[in-house]
Amino acid sequence: MTSTRYLEPSKTMATFNGMVRGLTKLGLSVWGSRVLGVRGRKSGELREVPVNLLPFEGKQYLVAARGETQWVRNLRAAGEGQLTVGRRTETFTYRELANEEKPVILRSYLKRWAFEVGAFFDGVNAKAPEEKLREIAPGYPVFEVFTR
């Protein structure tokens, strides 16, 4: 399930992410944003990043549009994380999806947030054929989230 694809955020995107993180921590969820908190796999310190929590068919998912990000690596090492909006923080565990499970989630994610994350999908959009979504699936870690 592990891929080597990783797109590092530009300074502009890092600034934007910082603003979204700040607003979300204040309780203003931006397009369904949450602040993901995960213990660093080396430092043990809590690391935070804004993420889009995707509700789909009664379940919730995190999609790593940039690929093998630091939060993905930290989440795999920690085995759990937390999602915050305002004063509400929920601890969660997860199940990482196999590549063959990802296309339907990737399609839903792109339908909802293509305006924000489309650039990370190299021209693939929500209308892409199933086979194209299967082809790109290894580059996009996806986690089903189980809140406690």
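Counting begins at 1 with the first residue of the sequence.
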Rounding to 0.5 Å, atoms CH2 (Trp113) and CZ (Phe120) come to a distance of 14.0 Å
Item to check | Pairwise side-chain contact, Arg21 with Arg34, heavy-atom cut-off 4.5 Å (strictly under) | outcome: no
Per side chain to side chain contact (heavy atoms under 4.5 Å, CB included), Gln82 is matched among Thr147, Leu46, Leu36, Val38 by Leu46
Any sub-3.5 Å donor-acceptor pair from Lys102's side-chain atoms to Ala137's backbone N or O?
yes
Sorted by chain and number, sequence neighbours left out, salt bridge (charged side-chain N to carboxylate O under 4.0 Å, His left out) with Glu116 holds for none
Practice prompt. Determine whether Leu23 and Val49 fall in the same hydrophobic cluster, where Ile, Leu, Val, Met, Phe, Trp and Tyr are linked whenever their side-chain heavy atoms lie under 4.5 Å apart.
Written response: no
In short, Pro103 meets Glu130 closest at the heavy-atom pair CB-OE2, 3.4 Å
Query raised in the report: Would you call Glu8 and Arg66 a salt bridge, using N to O less than 4.0 angstrom?
Result: no
Close aromatic pair by centroid cut-off 6.0 Å: Phe56 and Tyr109 = no
Of all heavy-atom pairs linking Asn99 and Pro138, the shortest is OD1-CA, 3.4 Å
dist Gln70:CD -> Tyr6:OH (nearest 0.5 Å) comes out at 6.0 Å
Check: Leu54 and Leu62 side chains under 4.5 Å, non-hydrogen atoms: no
Looking only at heavy atoms, the pair that brings Asn125 and Leu110 closest together is C-CD1, 3.8 Å
- Message: When you group the ILVMFWY residues by side-chain heavy-atom contacts below 4.5 Å and let the links chain together, are Tyr61 and Tyr140 in the same group?
- Response: yes
**Asked** Are any of the side-chain nitrogens in Arg88 or Glu90 under 4.0 Å away from the carboxylate oxygens of its partner?
**Response** yes
Scanning both residues in full, the closest heavy-atom pair of Val72 with Gly67 reads CG2-O, 3.7 Å
Query raised in the report: Using 4.0 Å as the upper bound for N to carboxylate O, is an ion pair formed by Glu80 and Arg39?
Result: no
Salt bridge check: are Arg76 and Glu68 linked by an N-O gap of less than 4.0 Å? yes
d(Leu7 CG, Thr69 OG1) to nearest 0.5 Å is 10.5 Å
**Study point:** same_hphob_cluster(Val30, Val51) at 4.5 Å side-chain heavy-atom cutoff
**Key:** no
Check your understanding: Would you call Thr24 and Thr84 a side-chain contact if the rule is heavy atoms closer than 4.5 Å?
Key -> no
Checklist entry - Hey, does Leu97 have a side-chain heavy atom less than 4.5 Å from the side chain of Glu144? => result yes
Output yes when a side-chain donor or acceptor of Ser108 lies under 3.5 Å from a complementary backbone atom of Val104, and no otherwise. no
*asked:* Closer than 3.5 angstrom, by distance alone: can the side chain of Arg107 be matched with the main-chain N or O of Ala128 as a donor-acceptor pair?
replied: yes
Transitive ILVMFWY side-chain link Phe115 to Val124, under 4.5 Å: yes
* To do: Return yes if a side-chain donor-acceptor contact under 3.5 Å exists between Asn74 and Arg41, otherwise no.
  => yes
> Quick one: does Arg112's side chain get under 4.5 Å of Pro55's, heavy atoms only?
Replying inline: yes
query = Does a salt bridge link Glu131 with Arg134, judged by any charged N lying under 4.0 Å from a carboxylate O?
reply = no
Query raised in the report: Between Phe143 and Trp71, what is the ring plane arrangement, given parallel below 30°, perpendicular above 60°, and tilted in between?
Result: tilted
| Does some side-chain heavy atom of Leu83 sit less than 4.5 Å from a side-chain heavy atom of Val35? | no
Heavy-atom side-chain contact between Val145 and Leu53 under 4.5 Å: yes
In terms of heavy-atom contacts, Ser33 and Asn52 come closest through CA-OD1, 4.4 Å
CG (Leu106) and CD1 (Ile136) are apart, to the nearest 0.5 Å, by 5.5 Å
Derivation and outcome, side-chain contact (heavy atoms from CB on, under 4.5 Å), residues Phe146 and Arg95: CA-CA 8 Å; Phe146 305 101; Arg95 176 183 73 86; 3.7 Å; yes
* **Criterion side-chain hydrogen bond (donor to acceptor under 3.5 Å, both in side chains) on Arg47 and Ser43, from CA distance to verdict** => CA-CA 10 Å; Arg47 303 294 185 185; Ser43 70; 3.3 Å; yes
